[in-house]
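To keep things clear, I will list the structure first and then write my remarks on it.
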Amino acid sequence: MQNATEKFRAMKQHGEKIAALTACDYPTARLLDESGIDIILVGDSLGMVVLGYQDTTSVTLADMLHHTRSVARGVKNALLVGDMPIHTFDTPGQAVDTAKKFVDAGAQAVKLEGGASHVAQIEAITRAGIPFMAHIGMLPQHVREEGGYRVKGRTQSEAEALLADARAVEEAGAFSVVLEIVVADIAKQITKAINIPTIGIGSGEHCDGQILVTHDLIGLFPWFTPKFVSPQAHVAEEIRSAARAFIERTRNSRTRPSRG
Ligand code: KIV
């Protein structure tokens, strides 16, 4: 697996952009994989876009492993990354146990939300030989304490903390780092400052790669679309119109009541 992750470092060195998307189920994973996506993340955003929770803080390890297993059946070429849900990496030992469960479920790498504060967990995971993707910036697992999805890096101290986080996760052995809704200029500075690829979400065009929640990209979760997303399709509308056509066809084909 080391080669798979080294490939992304090499892509950064050659200026080749990395494309990543989320998947929660077999057909989506297979379609993305067949389309040539580089990385498929089983993101805990599935708590919102599949399970219907308000945020990702109710997602359990059992939920994530169930979805990881189904995604793994559909992936042949992309790197499959499993997202460790909240409170499954509170200590280094717990982080390694959780990461191993993801590997048993078919993930080739894992991700957790946190920077310098989680160096011990990241080191423990990479020491166990499991490739690790970091995630800094806006951390959705902390949305309740934060009181919303706030752009990160607006102040000097926030920008410095982000840079320190990026350096810390690289040093701890991460092969890449997700930057979530970070001010574009700060994301650019981080991208220049570290050797591992930055994968941006709502963090501007200067990152080494981009990731989106597939439901947002294809318009499958129409009740909320983040500001930085321009949907490439409107699948929710397709579903609604197919359902309406089916309902109409079914109702129009009503059999006449028999006279008994
Ligand atoms: O859970 C998720 O989908 C994520 C991506 C948005 C990076 O963490």
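In this chain, residues are counted from 1 in sequence order. Ligands are counted one by one from 1 in listed order, and the atoms in each one are counted from 1 as well.
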Next item on the list: Answer yes or no: does atom CD of Glu146 have more than 12 heavy-atom neighbours from other residues, nucleotides or ligands under 6.0 Å?
Entry: yes
Next item on the list: Answer yes or no: are there more than 12 heavy-atom neighbours, outside Glu248 itself, under 6.0 Å from its atom CD?
Entry: no
Under a 4.0 Å threshold between the charged nitrogen and the carboxylate oxygen, would [Y] count as salt-bridged to [X]?
{"X": "Lys76", "Y": "Asp33", "answer": "no"}
{"X": "Glu158", "Y": "Arg154", "answer": "no"}
{"X": "Glu237", "Y": "Arg240", "answer": "yes"}

Any N/O pair [X]/ligand 1 closer than 3.5 Å:
{"X": "Lys111", "answer": "yes"}
{"X": "Glu113", "answer": "no"}
{"X": "Ser45", "answer": "yes"}

Element-labelled atoms of ligand 1 that are located less than 4.0 Å from some non-hydrogen atom of [X]:
{"X": "Asp83", "answer": "1 (O), 2 (C), 8 (O)"}
{"X": "Gly43", "answer": "1 (O), 2 (C), 3 (O)"}
{"X": "His135", "answer": "8 (O)"}

Next item on the list: Please report the closest heavy-atom contact between Asp90 and Gln94, naming both atoms and the distance.
Entry: N-OE1, 2.6 Å
Next item on the list: Have a look at Val42, Ile201, Leu41, Thr22 and point out the one with the heavy atom closest to atom 6 (C) of ligand 1.
Entry: Ile201
Next item on the list: Report the part of Asp44 (side chain from C-beta onward, or backbone N, CA, C, O) that has a heavy atom under 4.0 Å from ligand 1; answer both or neither where that applies.
Entry: both
